[in-house]
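The next block holds one structure in the form of structure tokens; read it before the comments.
Residue numbers start from 1 in every chain, and the chains themselves are labelled A, B, ... in the order their sequence lines are given, proteins ahead of strands.
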Amino acid sequence: MNSVVGTPMDRVDGAAKVTGQARYAADYPQEGLLHASVVSSTIARGRVVKVNSEKALQVPGVVAVLDHTNRPHVSSYDDDYSDDDAAEGSPFRPLFNDRVLYSSQPLALVIADTLELARYAGSLVTIEYSQQAHQSDLLAALQQTHEAPAETPEPRGDFAGHFAGADAKVDVTYLTANEHHNPMEPHASTVCYQADGSLVIHDKTQGTQNCQEYLHNIFGLPKDKLRVKAAFVGGAFGSGLRPQYQLPLAVMAALHLKRSVRLTLTRQQMFTFGYRPRTQQRLRLGVDKRGALVAIGHDAIGQTSRFEDFTEHLVEWSGMLYQCDNVALSYRLAPLDVYTPLDMRAPGAGSGVLALECAMDELASAAGLDPVELRKRNFASHNGNEGKPYSSKELLACYEQGAERFGWARRQATPGSMRDGNQRIGWGMAGGVWEAMQMKASAKASLDSTGHLTVSSATTDIGTGTYTVMTQIAADAAGIDVGKVTFKLGDSSLPTAPLQGGSFTVSSVGSAVRQACLTLRERLIERARQQRPDLASEADTAFTLENGQVKAGKHSVPLAELLAVDPQQCLEVQVEANPDDKRKPYSTATHSAVFVEVQVDDDLGTVRVTRVVSAVAAGRVVNPKTARSQILGGVVWGVGMALHEESQTDHALGRILNHNLAEYHVPVNADIGDIDVIFVEEDDRVVNALGSKGVGEIGVVGVAAAVANAIYHATGKRVREFPITLDKLI
Amino acid sequence: MTATPDQGALQRPLQMTINGEHKTLTVHPWTTLLDLLREQLDLAGTKKGCDHGQCGACTVLRDGKRINACLTLAVMCEGAELVTIEGLADGDRLHPMQQAFITQDAFQCGYCTPGQICSAVGLANEGRAHNRDDIRELMSGNLCRCGAYSNIVAAVEEALPLIKGARP
Ligand code: FES
Ligand code: FES
């Protein structure tokens, strides 16, 4: 049978998505469903003195108003609110007590017969506060920082000495902005209250079991009375890694009323929980006469909340992307009266590599080197942080193939030297890196007597193509036509899977799916040989399963006969896949080289990204079509980070001002020019049996830096505060 | 609206055709077309991304023209012919725009997709898009956070010649 892994297959869930049949968390109708609406705090710090809900309760059709004084019982232990992606500290507990920890915190929940009534009644709820002074500005809190509880690599060599003696150097500081995930689907939970008091919940999440565990812990409900589903997730990008507050609130309402309840957050409320945190990052880089890095210093300060210490991999990249013996990294946090930040697509690398790769561009200028040449000279085949070789790292091929496709050789080095009418043209580039992790994961494969294979795991598909690539992996491993394979996901009752994030789903769940299907095939062959001695001498590879017949050479046996002994005539295999020990002596990572062309209008300062080439080394690509889409999306995110995205805070109120999609700019179609994606050949026998590293994050990393570097090349202006809006260019 | 309106008395009759089916409905004057579709008619294929006319996820076709269902009160649709994402395919045969979206992988999570497709069909009806730049500009009312824009342009480019003049 021809292998389907590696072929650009259309999405198996494509038809459901283009016909409107794919149902997301808020799309499930329920008999007698109630609708809830959140009332949010208008102060950033203090206490609730009183929630006045009488007027709301007088509205016919309003069923209840919950606040911290009348909500159902919940746990009071921090540990119970923890989850698989929790930060260190005391997780936020909605409606727990009278404390106000940030502006727009949920303080009351109105439940009514219809959505309009719930929302209207919410506007009638008034809250009395006792207010305290707050701080929401990172730049005002730079003196009140503490070391981040992250495993920041120890300094190596003598950074200070070598930086002082470097032949060319830069000492530059960058500011990145708070950014909100803003998946197109707002966070929502539909809680279906069952006759036996159990709950079936359609939630927007990247981890159904994470949510199940969380609810079990805080409400004390047995797990078999809690089933969390997420068949389709309308984007998440990290926003669904932790259970968000709509989930416990909707469950509170359902338990309180013993009814089914839906809570969908408004777009405005999508700005009231996790986000990519604002950072200040100082980069000090020095090279010797040959352009070899002799010193790398990366000192970062990120914002966090007062209740949790959010950390991400912010500075590590500076110690691992390039070869350098003298490295000093530091990472500190500034607590503010804001919500805790949250992993957001390429967390840490998004902002950290942005700073590193802009500084590398500045260093190339200072050393009089071409930016690609500087990077090639400092290529690292070892991860200096871990002292281990990379299992594979085709980054040099990324530089070469990307530069070739882009036409980099025709670049005029002097900034401002390329133009087209009143448009200044700039060509910039940057490198990217992301880790290639693998987590423990389980999968079940089940073959029925008609020859249909159903494979399942409790992972999710947030648009990444999980349904499709798992179907491909399963078909290949089992040796069954891809049209006869169904993959199930998004249900806490399925075999255990990690959160979907960090680009490790193919590596983790894919490995489990592959193993389950390989084992299933082995068992089937074993049985065929036992039952039919004429098949005994056939090689494993000779066996095929077609039209309900197991065949090898000239012989065949009906599948139904082989499965006659199984319960429901179904052969089932469940496995747990763990990262191979083979990985231990190695560092594993994906890499990229991104080349960008911008046009900057001389008079208006408007920037257009006209062309992007992204060359990616991510091991074996399971589905070039969906993988390419991941990279395309990543590029769009990078453009947004460079030019558009910023959650602006009114520090006087401690509140986000532009909390809607008209004022928080995400790139629109017309903002995006031509994007060319190259997957560089990369053979990796270590990372996992599939040789595949995952592509969800790598597409973002490096893009914003390449855009910023292109803007410098176009204009000669270094803007070190992101996003680079036109006011900073004119 | 006062605190205690008589909900029932305020209901209005409404007649319209949805996906080829004639409907006689009763709606509140404040109910948007989007909430009517999603909450009362179980036509949940039309999505709510913002409820403010800022994202395009709720795009449907009213008398062949693309509109934001979140900015349209249901009562404004009296006598209208409405087509939503559920009504584009001809039985099992996908509309050419739907097929092109699959072939070009013009979506990831799929949440913006019903709006994108309805918007693209509306664009075809307008007959205004002549090249890729036109498509980019005229499809910019539909946000896609997954960033499928390049593939959306490719899909619309592929399907446009197949559906010109053929109003669904
Ligand atoms: S939901 Fe209507 S435009 Fe966003
Ligand atoms: S496909 Fe996810 S928002 Fe467009």
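- Side-chain rings of Trp30(B) and Tyr120(A) stay apart, their centers remaining 6.0 Å or farther from each other.
- Looking only at heavy-atom pairs under 4.5 Å with chain B, the residue among Asp13(A), Thr264(A), Val635(A), Asp674(A) that has the most is Asp674(A).
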Which is it for Val666(A) and Arg145(B) under the side-chain contact (heavy atoms from CB on, under 4.5 Å) test, yes or no, and what are the steps along the way?
CA-CA 7 Å; Val666(A) 303; Arg145(B) 186 53 158 165; 3.4 Å; yes
Between Asp671(A) and Arg136(B), does a salt bridge (Lys or Arg N to Asp or Glu O under 4.0 Å) hold up when you go through it step by step?
CA-CA 8 Å; Asp671(A) 289 322; Arg136(B) 283 180 173 130; over 6 Å; no
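- The backbone N or O of Gln104(B) lies less than 3.5 Å from a partner atom in the side chain of Asn151(B), making a donor-acceptor pair.
- Annotation: His180(A) is in aromatic contact with Phe271(A) [ring centroid separation under 6.0 Å].
- Most heavy-atom pairs under 4.5 Å with chain A: of the set Gly45(B), Ala57(B), Gly56(B), Cys109(B), this distinction falls to Cys109(B).
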side-chain hydrogen bond (donor to acceptor under 3.5 Å, both in side chains) assessment of Thr190(A) paired with Gln30(A)
CA-CA 9 Å; Thr190(A) 303; Gln30(A) 273 296 301; over 6 Å; no
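- When Ser629(A), Pro667(A), Pro29(A) are compared by the number of non-hydrogen pairs under 4.5 Å with chain B, Ser629(A) comes out ahead.
- With chain B as partner, the option from Arg345(A), Glu645(A), Met270(A), Gln21(A) having the largest number of non-hydrogen pairs under 4.5 angstrom is Glu645(A).
- Top candidate by heavy-atom pairs under 4.5 Å with chain B, chosen from Val639(A), Val636(A), Thr626(A), Asn669(A), is Asn669(A).
- The candidate with the highest count of non-hydrogen atom pairs below 4.5 Å against chain A, out of Thr46(B), Thr103(B), Ile117(B), is Thr103(B).
- With respect to Asp51(B) and Arg267(A), no salt bridge is recorded, no charged nitrogen being found less than 4.0 Å from a carboxylate O.
- Contact tally against chain B (heavy-atom pairs below 4.5 Å) for Thr464(A), Leu632(A), Asp461(A): the top residue is Leu632(A).
- Counting heavy-atom pairs under 4.5 Å between each of Val153(B), Thr84(B), Asp35(B), Leu94(B) and chain A puts Asp35(B) at the top.
- Neither the backbone nor the side chain of Leu43(B) comes within less than 4.5 Å of any heavy atom in chain A.
- With a 4.5 Å cut-off on non-hydrogen atoms, Ser150(B) touches chain A through its side chain but not through its backbone.
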